[in-house]
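Each remark here refers to the structure printed beneath this line.
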Number of protein chains: 2
Amino acid sequence: MIRSDAVRNRMRVLQAAEEVLDEQGLSARMDEIARRAGVGVGTLYRHFATKEALYQAIVMARIDLLLDEAARLRSTGDPQTAFFAFFSKIVADAKRKKALTDALHSAGTDIKAEQSSRHAAMLDAIAGLLRNAQNAGAVRSDVAMPEVLALLRGASMAAETGDYSAPVLQRSLAILYDGLRVVSA
Amino acid sequence: MIRSDAVRNRMRVLQAAEEVLDEQGLSARMDEIARRAGVGVGTLYRHFATKEALYQAIVMARIDLLLDEAARLRSTGDPQTAFFAFFSKIVADAKRKKALTDALHSAGTDIKAEQSSRHAAMLDAIAGLLRNAQNAGAVRSDVAMPEVLALLRGASMAAETGDYSAPVLQRSLAILYDGLRVVSA
DNA sequence: CTTCAACCGGAATCACGATTCCGATTCTAT
DNA sequence: ATAGAATCGGAATCGTGATTCCGGTTGAAG
């Protein structure tokens, strides 16, 4: 039988970790997370063997939400806007929830199994939206995934710094989107 | 009288620091810099009171080079391309020489006197090139500095990760530039 | 060729967080 | 109510890298 307090604490830890990681990114301290969860660090470590593991859990949950959103956009919205909407969604997420960006992209480094599967799913989702948008003539046909990912990464990272206001970010994205649509020059 | 060996060592330290910081960014270790300079850490610290100070020295030197480049472009090249050339120059610099990006931009944080003067000069240089480009009709007139800085920051950060090949970065910038030129949508 | 202040090298010290350990506390089952 | 396994809390421990210290060296001046 699983102890009820263990369940409660795990939930608290997860919630506190999400808050703190979103606010401070990877540099957040374990103490802070434990304190915010009203729990000792020992408890925190019993639930998540390492800071990295905790981080992964949070990030993967968030990626799942994004994947849902992608699916929704693919069916609901029209292909003309779905792609840009999802792009914006990711950037907005990066702005509010720090430390998602690197995990979201991350080329090399040490990727675990589950993590890499989410990663692949994410790439598929983006590729799908891109293809639809291109078929619908909403995005120029000469852009491929690598460029899109690089641009997405840059936009996310800039947003993550928190140095730019929402309107400025909005205008920046608008410029970027114009570039993705344009055919001539 | 300043000892000749002291002068020699200072130069070595500076050179080694530049190499190491460019390769590894802020996370470079002082030991490594000292070793690379063929000097003890003690010597390193006599010349630069802190890692931060050393970092500042390197970054400011690099910013000066960029400022020279900006001046050259403003006089030599035509306004049509000067702006984009400088933008690319900064991004290329970020790719090769890591850990310049944050210092180059950096909104809040603790800025020292000299540092902030360079920072202001940099902003002026970019603003000047942007204005010229807009007057020449090379850049849409409805974009302002904030957006440009945000885009520059994003591009620099993405380049800095080293996850994207030169061709991909090139294509990404091309898309961005198209967005900056476009008038319609 | 002395002298000695400035300069060196690098071991020792500090600082800061992550992670471990273990006695004290609960839960759950009987 | 009671046992005892699972779970707690948080002090102590580790690891990593920046910074300090100080006995030994070395260049410059007389």
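Sequence lines set the chain letters: A, B, ... in the order given, protein chains first and strands last, and positions in each chain run from 1.
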Item to check | d(CG, A:L44; C1', C:dT20) in whole Å | outcome: 13 Å

Next on the checklist: In this structure, how many angstroms lie between the C1' atom of C:dA18 and the CG atom of A:D31, rounded?
Outcome noted: 8 Å

Checklist entry - In whole angstroms, how far is the P atom of C:dG9 from the CE atom of B:M30? => result 14 Å

Item to check | Under 4.0 angstrom between A:T43 side-chain N/O and D:dT7 OP1 or OP2 | outcome: no

Checklist entry - Is B:D178 salt-bridged to B:R181, going by a charged N under 4.0 Å from an acidic O? => result yes

Item to check | A:H47 side chain near D:dC8 phosphate (N/O to OP1/OP2, under 4.0 Å) | outcome: yes

Checklist entry - Between B:Y45 (OH) and C:dA12 (C1'), how many Å, whole number? => result 14 Å

Checklist entry - Between A:Y177 and A:F84, how do the two ring planes meet: parallel, tilted or perpendicular, split at 30° and 60°? => result tilted

Checklist entry - Does a sphere of radius 6.0 Å around CD in A:Q15 hold more than 12 heavy atoms from other residues, nucleotides or ligands, not counting ones at 6.0 Å or beyond? => result no

Checklist entry - Nearest 0.5 Å, what's the CD-CD1 distance between A:E147 and B:I175? => result 5.5 Å

Checklist entry - So does A:R29 get a side-chain nitrogen or oxygen closer than 4.0 Å to the phosphate oxygens (OP1/OP2) of C:dG17? => result yes

Checklist entry - Roughly how many Å is it from CE in A:M1 to P in C:dT26, rounded to a whole number? => result 19 Å

Next on the checklist: Side chain of B:K51, heavy atoms from C-beta onward: which of C:dG9, C:dT19, D:dT19 has the nearest atom to it?
Outcome noted: D:dT19

Item to check | Whole angstrom value for the distance that separates P of C:dT25 from CZ of A:R46 | outcome: 16 Å

Checklist outcome for this item: Nearest-nucleotide check on DNA chain D, B:V41 vs B:R3; residue mapping nearer the 5' end is B:V41

Checklist entry - Does OP1 or OP2 of D:dT19 have a side-chain N or O of B:T50 closer than 4.0 Å? => result yes

Item to check | d(CZ, B:F48; P, D:dA18) in whole Å | outcome: 16 Å

Next on the checklist: So, taking the atom named OH in A:Y45 and the one named OG1 in A:T50, what distance separates them when rounded to the nearest 0.5 Å?
Outcome noted: 6.0 Å

Checklist entry - When you match B:S4 and B:A28 each to their closest nucleotide on DNA chain D, which lands nearer the 5' end? => result B:A28

Next on the checklist: Side-chain N or O of B:N9 versus OP1/OP2 of C:dC8: is the shortest distance under 4.0 Å?
Outcome noted: yes

Item to check | For atom CZ of A:R12 and atom P of D:dT7, their distance in whole Å | outcome: 16 Å

